[in-house]
Amino acid sequence: MPLRTIITGTGSCLPDRVLTNFDLEKMVDTTNQWIVERTGISERRIGADGEATSDIGLKAARAAMEAAGVGPEDIDLIVFATITPDQPMPATACLLQAKLGARRAAAFDISAACSGFIYGLSIADGMIRSGSARRVLLVGAEMLSRVTDWQDRSTCVLFGDGAGAVVLEGTDDTASGVEYVRIHADGTLWDMLHIPENFIRMKGNETFKVAVRTLEALVIDTLRENNLQASDITFLLPHQANERIIRATAERLGLPMERVIMNLEKVGNTSGASIPIALDEAVRSGRIKRGDRILLEAFGAGLTWGAALIKW
Ligand code: UT7
């Protein structure tokens, strides 16, 4: 059985339509200045009419598979992290499997909101290292615009649509790969961030405070459990919810912002898609290089949270 799980390809897809803060100024009582100062977000992408979560997931998956040099028949598990599935049933992973022609693959969705990618990474790593799957396609994709109340200024300025994907495989080379992954939940706080009927409702400020506290403790625990110092981390790659939350986590670690991967200014909060989109951009631009150690972390509805360490 393989000793480690490595990411052999990354991909992402952002819908074409850009919705800027200035567009939002015309829709709700807000200003570009408020949004930038309170969140760090300037614009986000919105899916086209008829464009489904599986469609953007497919584009991200194809890019990741091309980068990994694998074909549809090489995939034996598809894990799809989303809270905006095409339909409640079947799993969006199954729709993606059909679109890809990945006939050998088992397929299921996971619902862990903004922590979906870390949850999926935990599952993929466990399946690969136990010998249950050789090659896993992990996708995080969301059409949050479909569950956003465009009259609620406290939430509609935050979210965006997008998809990211990675291909994971086993290796016996312990010099690289997934070094650590941990996931957590506290369902007693389910009503901080949920979709009671059609739209996202969030106790924004309370969620903000719990997020900062939880993530600060999470990254410090992650270092301690792995006997690492902040200087051993090349990049912090956080879930892209709010620049102020990200800065607080980086400050707690003592990491300068040059070592933090952040793209929320252009994409907003894409929930389960945010980490794989930011990862793909950083890999393709050459910012992440072989040998770098990346600390991933996420916090979101559930509540759920988790962290991972990857040696590239
Ligand atoms: O993705 C996973 C989890 N999600 C998060 O981690 C998000 C967590 N929360 C946040 O990012 C922040 O709480 C928000 C960005 C949502 C809000 O920022 P805040 O600093 O917590 O503001 P607040 O909710 O305390 O609101 C401050 C003021 C309020 O007005 P009053 O009561 O002081 O008069 C709001 O009504 O800002 C007002 N406000 C706005 N003003 C202009 C709320 N939304 C807006 C808006 N434009 N879009």
Side-chain angles (χ1 to χ4, degrees), residues 19-44 81-84 110-119 140-145 147-162 164 183-187 189-195 199-219 236-250 252 262-265 267-278 296-307:
L19 184 74
T20 67
N21 291 351
F22 298 103
D23 296 326
L24 284 164
E25 284 184 351
K26 295 176 202 137
M27 296 162 63
V28 288
D29 180 16
T30 192
T31 59
N32 172 59
Q33 191 189 348
W34 190 95
I35 304 171
V36 170
E37 281 177 8
R38 308 305 274 177
T39 72
I41 299 165
S42 293
E43 58 187 53
R44 68 288 292 144
T82 188
I83 50 158
T84 48
I110 49 174
S111 174
C114 303
S115 313
F117 186 80
I118 308 271
Y119 267 66
E142 301 286 5
M143 282 288 183
L144 293 178
S145 60
V147 290
T148 297
D149 179 352
W150 292 104
Q151 295 178 347
D152 175 9
R153 68 174 184 172
S154 70
T155 55
C156 75
V157 301
L158 303 173
F159 302 112
D161 299 338
I183 52 177
H184 308 268
D186 182 357
L189 299 176
W190 65 272
D191 65 344
M192 301 254 271
L193 180 49
H194 64 135
I195 305 180
F199 298 128
I200 297 173
R201 298 288 175 228
M202 178 168 72
K203 295 178 184 169
N205 194 262
E206 283 174 58
T207 307
F208 182 93
K209 287 177 191 154
V210 181
V212 169
R213 258 202 326 267
T214 305
L215 289 170
E216 286 182 350
L218 179 70
V219 293
L236 173 68
L237 200 171
H239 164 54
Q240 310 284 312
N242 185 315
E243 183 176 340
R244 290 184 293 142
I245 298 176
I246 295 173
R247 283 184 181 275
T249 313
R252 182 70 185 85
M262 199 162 62
N263 70 347
L264 88 175
E265 187 195 353
V267 297
N269 179 348
T270 58
S271 190
S274 90
I275 290 177
I277 293 171
L296 312 180
E297 46 87 341
F299 173 92
L303 298 177
T304 56
W305 62 99

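This structure is a prediction, so every number in the text was calculated from the model and none was measured. Both ligands and their constituent atoms are indexed starting at 1 by order of listing. Numbering of residues begins at 1 and proceeds along the displayed sequence.
Looking at T304, its side chain does come within 3.5 Å of a backbone N or O of A112 through a donor-acceptor pair. Of the possible polar contacts, none joining the R153 side chain to the V28 backbone as a donor-acceptor pair under 3.5 Å is found. Checked by atom type and distance alone, the side chain of T148 never pairs as donor or acceptor with a backbone atom of C156 at under 3.5 Å.
For ligand 1, the atoms sitting less than 4.0 Å from at least one non-hydrogen atom of C114 are 1 (O), 2 (C), numbered in the order shown with element in parentheses. For ligand 1, the atoms sitting less than 4.0 Å from at least one non-hydrogen atom of A241 are 1 (O), 6 (O), numbered in the order shown with element in parentheses. The contact set between ligand 1 and R244, taken as ligand atoms under 4.0 Å from a residue heavy atom, comprises 18 (O), 19 (P), 20 (O). Against a heavy-atom cut-off of under 4.0 Å, H239 is close to the following atoms of ligand 1: 1 (O), 2 (C). Within ligand 1, the atoms closer than 4.0 Å to a non-hydrogen atom of I245 are 6 (O), numbered from 1 in the order shown. Atoms of ligand 1 lying under 4.0 Å from any heavy atom of L193, numbered from 1 in the order shown and given with element: 3 (C). Which parts of ligand 1 touch G204 is read off a 4.0 Å heavy-atom cut-off, strictly below it: atoms 8 (C), 9 (N), 13 (O).
Atom 11 (O) of ligand 1 has its closest protein heavy atom at N242 ND2, 2.7 Å. Among all protein heavy atoms, the one lying closest to atom 38 (C) of ligand 1 is R153 NH2, 3.6 Å. At the shortest separation from atom 26 (O) of ligand 1 among protein heavy atoms lies W34 CZ2, 4.4 Å. Ranking the protein heavy atoms by distance from atom 1 (O) of ligand 1 puts N269 ND2, 2.7 Å first.
Between R38 atom CZ and N205 atom CG the span is 8.0 Å, to the nearest 0.5 Å. Atom CH2 of W150 and atom CG of L19 lie 5.5 Å apart (nearest 0.5 Å). Rounded to the nearest 0.5 angstrom, I41 CD1 and L264 CG are separated by 5.0 Å. From Y119, atom OH reaches atom NE2 of H184 across 8.0 Å, with rounding to the nearest 0.5 Å.
Counting only heavy atoms, the protein gets under 4.0 Å from atom 48 (N) of ligand 1. At a distance under 4.0 Å, no protein heavy atom can be found next to atom 29 (C) of ligand 1. For atom 18 (O) of ligand 1, a protein non-hydrogen atom is found at a distance below 4.0 Å.
For atom 20 (O) of ligand 1, the nearest non-hydrogen atom from the set M202, R38, K209 belongs to R38. Around atom 24 (O) of ligand 1, the closest heavy atom drawn from T30, N205, I41 belongs to N205.
By the criterion of a heavy-atom distance under 4.0 Å, the side chain of V157, and not its backbone, is placed next to ligand 1. Residue-level proximity to ligand 1 for T155 is absent, since no heavy atom of it falls below 4.0 angstrom.
Proximity of T39 to ligand 1 is established by a heavy-atom distance of less than 4.0 Å.
What you find for N32 and E25 is that their closest heavy atoms are N-OE2, 2.7 Å. The two atoms that bring C114 and A298 nearest to each other are O-CB, 3.4 Å, heavy atoms only.
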Query raised in the report: Can you list the steps and then say if I277 with Q240 is a side-chain contact (heavy atoms from CB on, under 4.5 Å)?
Result: CA-CA 10 Å; I277 293 171; Q240 310 284 312; over 6 Å; no
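Comment: D149 engages R201 in a salt bridge, judged by a side-chain N to carboxylate O separation of less than 4.0 angstrom.
Each of T270, T20, N21 was checked for a side chain to side chain donor-acceptor pair (under 3.5 Å) with R44, and the lone residue meeting it is N21.
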